[in-house]
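Structure, as structure tokens:
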2 protein chains.
Amino acid sequence: MEFDLRDLPTRATLQELSRKIPELDVSSVETALLFMRVATNVFHHIHDNLARFGISQGKFNLLMIFYKESDRSFLPSELAEKAGITRATVTGLLDGLEREGLVERKSHPKDRRMIMTRMTQKGIERMQAVLPDHFLLISRLMQGLTEEDRRMLISYIERIDAEIPKAEGQQ
Amino acid sequence: MEFDLRDLPTRATLQELSRKIPELDVSSVETALLFMRVATNVFHHIHDNLARFGISQGKFNLLMIFYKESDRSFLPSELAEKAGITRATVTGLLDGLEREGLVERKSHPKDRRMIMTRMTQKGIERMQAVLPDHFLLISRLMQGLTEEDRRMLISYIERIDAEIPKAEGQQ
DNA sequence: TCTATGTAGTTAGCCACCTAACTATTGTGC
DNA sequence: GCACAATAGTTAGGTGGCTAACTACATAGA
């Protein structure tokens with residue numbers, strides 16, 4: 001079963017490699033490759049949906065951080081850390097969000113190196129327009145799975161994540 | 001269990017939304033978000049490893065297509081279709097790969113609009129250096145799962161993929 | 001106190017993706 | 001046979017990610 005002609009060369013390559021490398025398990029690699037392919041499809045799907053609202057994935061991630069605590073301000077460096085991107089990237093995303101009037105920058109009263117960023121009313125309204133649609137689309141991805149299936153899936157995914165060495169020295 | 005303070009605001013947002021939108025299932029969204037978070041970690045992990053060999057993910061994908069049938073040539077448009085990226089992006093990636101001497105471009109003998117691209121010996125050798133390490137790293141991601149676990153995981157992932165509407169009109 | 005070190009944000013420049021528009025060439029229909 | 005449409009690849013310009021270097025400011029130590 002699963003006789004995909006297009007992928008047969010990969011399987012042949014894998015099987016040849018696995019003869020030389022005993023630790024390499026062909027079915028593990030194939031599972032991981034499927035995982036990655038579907039993840040890519042999911043990201044594209046979500047990207048396309050957010051694009052209908054004129055929001056990129058990167059901007060959405062920042063807006064979500066703001067929205068969760070829309071009454072308070074965030075330092076750019078704090079946003080970078082929460083979103084898992086660099087401060088330089090945050091600068092660029094904030095430029096775009098500020099240009100659209102979704103967030104605003106104010107200088108910090110005490111420490112003049114810092115900038116306080118805050119979501120505007122327009123930003124809140126934009127998120128209120130996007131979120132129902134966005135989460136509904138995400139929710140529907142799982143509609144082929146039962147509650148029990150999802151519990152199992154979470155367990156498998158967490159075990160995969162546990163194998164990824166977490167970079168401690170992240171400067 | 002799973003009492004992550006940082007994510008509580010998301011859960012609160014989700015629960016509020018789910019009251020207004022009956023079709024929205026909170027646990028489905030949370031499962032999908034975990035799936036995406038781990039997928040991102042996996043991609044970063046693989047990226048970091050390929051970077052040690054001076055190869056980006058995009059270039060690796062093209063090289064893998066070449067390597068699977070290293071005796072034949074490919075049209076750039078064919079590479080784009082197989083890799084799931086645009087022709088414009090292929091142009092850029094081929095520029096880099098050609099600059100490094102890993103692939104070569106030749107004009108098509110019959111149709112002068114077309115370009116035949118082919119992997120060089122140096123390209124083959126580079127892939128032979130990268131592949132064992134690369135696939136071993138991918139294989140290890142699954143070492144917390146049994147054969148049976150992986151079968152189940154594949155089934156779940158395929159059911160998620162089945163919910164993604166495939167864009168027919170991809171011009 | 002003043003120098004050195006550290007910190008926050010930005011800038012510059014690279015990469016890989018995109019869309020839209022352009023060039024060159026081939027194929028088609030009157 | 002020639003104008004027009006279709007096709008292949010590239011170019012131009014935008015975005016979001018990165019690292020490295022820079023500016024401005026704050027802080028700690030001799």
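Residue numbers begin at 1 in each chain, while the letters A, B, ... track the order of the sequences.
Map B/His44 and B/Thr91 each onto its nearest nucleotide of DNA chain D; the residue landing nearer the 5' end is B/Thr91. Mapping A/Val90 and B/Arg99 onto DNA chain C by nearest heavy atom places A/Val90 at the nucleotide closer to the 5' end. Nearest-nucleotide positions on DNA chain C place A/Asp95 closer to the 5' end than the other of A/Asp95 and B/Arg112.
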Pairwise N/O distances under 3.5 Å, protein to nucleotides 1-8 of chain D:
from	atom 1	to	atom 2	distance (Å)
D/dT7	O2	B/Arg113	NH1	3.1

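Among the protein residues, A/Gly58 comes within range of the sugar-phosphate backbone only, with heavy atoms under 4.0 Å from sugar or phosphate atoms but none that close to a base.
B/Lys106 and B/Ser73 share no donor-acceptor pair across their side chains, judged by distance under 3.5 Å alone.
Taking every side-chain heavy atom of B/Ala88 into account, C/dT19 is the closest of C/dT19, C/dT11, D/dC25. Between D/dG16, D/dA12, C/dC17, one nucleotide has an atom nearer to the side chain of B/Thr89 than all others, and that is C/dC17.
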Determine all donor-acceptor pairs shorter than 3.5 Å in which one atom belongs to a side chain in residues 131-139 of chain A; sequence neighbours excluded.
from	atom 1	to	atom 2	distance (Å)
A/Asp133	OD1	A/Asn49	ND2	3.3
A/Asp133	OD1	A/Arg52	NH2	3.0
A/Asp133	OD2	A/Arg52	NH2	3.3
A/Ser139	OG	B/Asp25	N	3.3

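Residue pairs meeting the ring-ring contact (aromatic ring centres under 6.0 Å, His included) criterion with at least one member in residues 24-49 of chain A, sequence neighbours excluded, are A/Phe35-B/Phe35.
A salt bridge is absent between A/Arg11 and A/Glu16; no separation between the charged side-chain nitrogens and carboxylate oxygens falls under 4.0 Å.
At a threshold of 4.5 Å between non-hydrogen side-chain atoms, the residues B/Met152 and A/Met152 do not count as touching.
Between B/Thr86 and the phosphate of C/dC17, there is no side-chain N or O to OP1/OP2 separation shorter than 4.0 Å.
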